[in-house]
2 protein chains.
Amino acid sequence: MISNKCKYAIKALVYIANNEQDDRPVMTADIAREQQIPRKFLEIILRELRNNRILESKRGKDGGFRLLRPASEINLTEVMRIIDGPIAMLPCVSLNYYRKCDECEEESCEIKAVFEQVRDRTLEILNDQTIKSLTLQL
Amino acid sequence: MISNKCKYAIKALVYIANNEQDDRPVMTADIAREQQIPRKFLEIILRELRNNRILESKRGKDGGFRLLRPASEINLTEVMRIIDGPIAMLPCVSLNYYRKCDECEEESCEIKAVFEQVRDRTLEILNDQTIKSLTLQL
DNA sequence: ATATATCCTATCTATTTGATAGTATTTGTT
DNA sequence: AACAAATACTATCAAATAGATAGGATATAT
């Protein structure tokens with residue numbers, strides 16, 4: 001399961017992508033209202049996306065958030081990794097958050113191969129998805 | 001990520017399958033020692049698998065655990081669902097633990113389709129795996 | 001100045017994860 | 001009958017994570 005936080009992050013980015021035609025940044029309050037996301041929680045998420053160079057922000061009146069890159073260059077996996085961390089089902093199989101299991105030697109691990117397969121099939125799908133491709137589904 | 005508990009469960013079942021040639025049940029203490037799983041925690045896991053008709057247990061001297069069905073008929077997904085619950089990445093996309101999202105209407109959800117795909121590819125792999133097929137990799 | 005937006009720090013509650021302790025009960029052996 | 005050895009059960013616990021909320025600081029357009 002991905003966290004609510006991660007789901008909110010993706011939906012917020014899609015909303016921003018869908019509403020950036022004019023040059024005014026998109027406000028937290030608008031995203032929160034339209035996507036039914038708790039406002040203060042959303043603030044934290046958007047700031048985290050800004051800290052990770054997915055968004056840029058503008059403070060003060062007429063402030064808000066804008067995508068720092070074209071929506072077609074923001075990958076779904078990138079967002080998921082920022083918010084939730086590893087995508088793989090086992091730490092010892094994660095490409096970006098690898099961690100050895102305490103209790104087992106990987107050479108003799110019975111289940112590693114299966115979860116490597118799952119990881120590869122999953123990434124094949126998710127790597128193909130960008131914020132842009134998600135907006136097109138509307 | 002699957003939980004440690006789930007990883008322990010799978011490894012314990014594989015160990016039992018690998019050690020049931022004679023007719024004596026496999027003891028918690030042996031599994032715990034060989035697979036480096038905390039003993040008391042493993043007890044809880046094995047009891048849970050017994051309650052869900054994956055294992056049968058025998059108490060007292062020469063007691064222990066045995067597979068209730070042939071290893072080839074215990075599916076990996078079944079074990080994962082017992083211990084960790086849903087396999088899907090979104091509740092609204094889960095086959096066995098479906099739950100509607102609070103904040104969005106599924107017809108207009110931008111991300112549902114992607115995670116349905118991930119679910120299907122994941123289950124294609126996991127549904128093919130049984131405790132038997134995992135033991136053969138040794 | 002003022003209104004309005006993000007920024008930041010602190011805090012909070014509930015749940016889940018991962019586990020341990022101690023006792024009760026069952027069973028085989030002597 | 002006594003004992004040893006195994007699971008069964010109940011209670012508890014600590015740490016981490018999830019999912020937020022509150023309140024004030026700071027920046028900016030008008």
Side-chain angles (χ1 to χ4, degrees), chain A residues 1-9 11-12 16 19 23-33 35-52 54-66 68 80 82-86 89-91 97 99 101-103, chain B residues 1-12 16 23-33 35-52 54-66 68 80 82-86 89-91 97 99 101-103:
Chain A
M1 286 273 177
I2 65 172
S3 64
N4 267 343
K5 190 178 177 185
C6 189
K7 188 172 62 172
Y8 293 160
K11 285 180 169 259
I16 293 172
N19 289 273
D23 56 347
R24 294 177 62 183
V26 182
M27 291 188 305
T28 308
D30 290 338
I31 306 172
R33 185 181 0 92
Q35 299 283 356
Q36 310 256 66
I37 302 170
R39 188 173 175 278
K40 279 300 210 175
F41 194 26
L42 182 57
E43 272 188 26
I44 295 172
I45 296 167
L46 295 177
R47 210 166 340 117
E48 203 165 333
L49 292 172
R50 188 212 50 171
N51 292 339
N52 284 279
I54 302 291
L55 293 174
E56 61 181 352
S57 64
K58 191 185 169 200
R59 299 174 75 166
K61 194 164 191 200
D62 295 331
F65 293 88
R66 243 190 302 255
L68 193 53
M80 290 173 65
I82 288 170
I83 303 294
D84 273 358
M89 286 183 142
L90 285 178
Y97 293 85
R99 256 186 37 239
C101 291
D102 294 330
E103 80 285 356
Chain B
M1 286 273 176
I2 65 172
S3 64
N4 267 343
K5 190 178 177 186
C6 189
K7 187 172 60 172
Y8 293 160
I10 299 167
K11 284 180 170 260
I16 293 172
D23 55 347
R24 294 177 61 184
V26 182
M27 290 189 305
T28 308
D30 291 338
I31 307 172
R33 185 181 1 91
Q35 299 283 354
Q36 310 255 68
I37 302 170
R39 188 173 177 279
K40 279 299 208 175
F41 193 28
L42 181 57
E43 273 188 26
I44 294 172
I45 295 167
L46 295 177
R47 208 164 342 115
E48 202 165 333
L49 291 172
R50 188 213 50 171
N51 291 339
N52 283 279
I54 302 292
L55 292 174
E56 61 181 354
S57 65
K58 192 185 170 199
R59 299 171 76 164
K61 197 167 187 197
D62 297 330
F65 293 88
R66 242 191 303 255
L68 193 52
M80 291 174 65
I82 288 170
I83 302 295
D84 273 359
M89 287 184 140
L90 286 178
Y97 292 86
R99 255 186 36 241
C101 292
D102 293 330
E103 79 286 357

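Just so we're on the same page: letters track the sequence lines, and every chain starts at 1. The model shown is predicted, which means the values in this text are computed figures rather than measured ones.
As rounded to whole Å, 12 Å separates atom P of C:dT17 from atom CE of A:Met1. Between A:Arg39 atom CZ and D:dG23 atom C1' the separation is 13 Å, expressed in whole Å. For B:Leu46 and C:dA19, the CG to C1' distance is 15 Å, given to the nearest whole Å. Atoms CD (B:Glu48) and C1' (C:dA19) sit 14 Å apart, rounded to a whole Å. Rounded to whole angstrom, the span from the CG atom of A:Leu49 across to the C1' atom of C:dC7 amounts to 15 Å. To the nearest angstrom, P of C:dT30 lies 6 Å from NZ of B:Lys61. As rounded to whole Å, 13 Å separates atom C1' of D:dA27 from atom CG of A:Asp62. Taking atom CZ on A:Arg24 and atom C1' on D:dA29, their separation rounds to 11 Å, with Å as the unit.
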Please produce a list of atom pairs where a protein N or O lies less than 3.5 Å from an N or O of nucleotides 13-19 of chain D.
| unit_1 | atom_1 | unit_2 | atom_2 | d |
| --- | --- | --- | --- | --- |
| D:dG19 | OP2 | A:Asn4 | N | 3.1 |

Pairs under 3.5 angstrom, nitrogen or oxygen only, protein versus nucleotides 21-24 of chain C, please.
| unit_1 | atom_1 | unit_2 | atom_2 | d |
| --- | --- | --- | --- | --- |
| C:dG22 | O6 | B:Lys40 | NZ | 2.4 |

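Under 4.0 angstrom from either OP1 or OP2 of C:dC7 there lies at least one side-chain N or O belonging to A:Ser57. Applying the 4.0 Å criterion to OP1 and OP2 of C:dG28, one finds that B:Lys58 has a side-chain N or O inside that range.
Residues that satisfy the side chain to side chain contact (heavy atoms under 4.5 Å, CB included) test with B:Leu55, not counting sequence neighbours, are B:Leu13, B:Ile16, B:Leu46, B:Leu49, B:Arg50, B:Phe65, B:Leu67. Annotation: salt bridge (Lys or Arg N to Asp or Glu O under 4.0 Å) contacts of A:Lys40 (sequence neighbours excluded): A:Glu43. The side chain to side chain donor-acceptor pair (under 3.5 Å) test applied to B:Gln36 returns no partner, not counting sequence neighbours. Contacts of B:Lys5 classified as side chain to side chain donor-acceptor pair (under 3.5 Å), with partners at least two apart in sequence or in another chain: B:Glu48. Here B:Asp30 pairs with B:Arg33 under the side chain to side chain donor-acceptor pair (under 3.5 Å) rule; sequence neighbours left out. Applying the side chain to side chain donor-acceptor pair (under 3.5 Å) test to B:Arg99 and every residue at least two apart in sequence or in another chain returns nothing. Under the rule for a salt bridge (Lys or Arg N to Asp or Glu O under 4.0 Å), B:Arg59 has no partner lying at least two apart in sequence or in another chain. Remark: A:Tyr97 pairs with no residue by the ring-ring contact (aromatic ring centres under 6.0 Å, His included) rule, at least two apart or across chains.
Considering all non-hydrogen atoms of both residues, B:Ala29 and B:Arg39 come closest at CB-NE, 3.9 Å. When all heavy atoms are compared, the tightest approach of B:Met27 to B:Gly63 is CG-O, 3.3 Å. Nearest heavy atom pair, residue A:Ser3 against residue A:Asp84, reads OG-OD1, 2.6 Å. Between B:Ala9 and B:Ile83, the shortest heavy-atom distance links the atoms CB-CG1, 3.9 Å.
In this structure, A:Arg50 reaches the sugar-phosphate backbone alone: every heavy-atom distance under 4.0 Å involves primed, P, OP1 or OP2 atoms, never a base.
Looking at the side chain of B:Met27, the nearest of the listed nucleotides C:dT27, D:dT7, D:dT28 is D:dT7.
Axis deviation across the helix from C:dA1-D:dT30 to C:dT30-D:dA1 amounts to 0°, comparing end segments of five pairs, rounded to 10 degrees.
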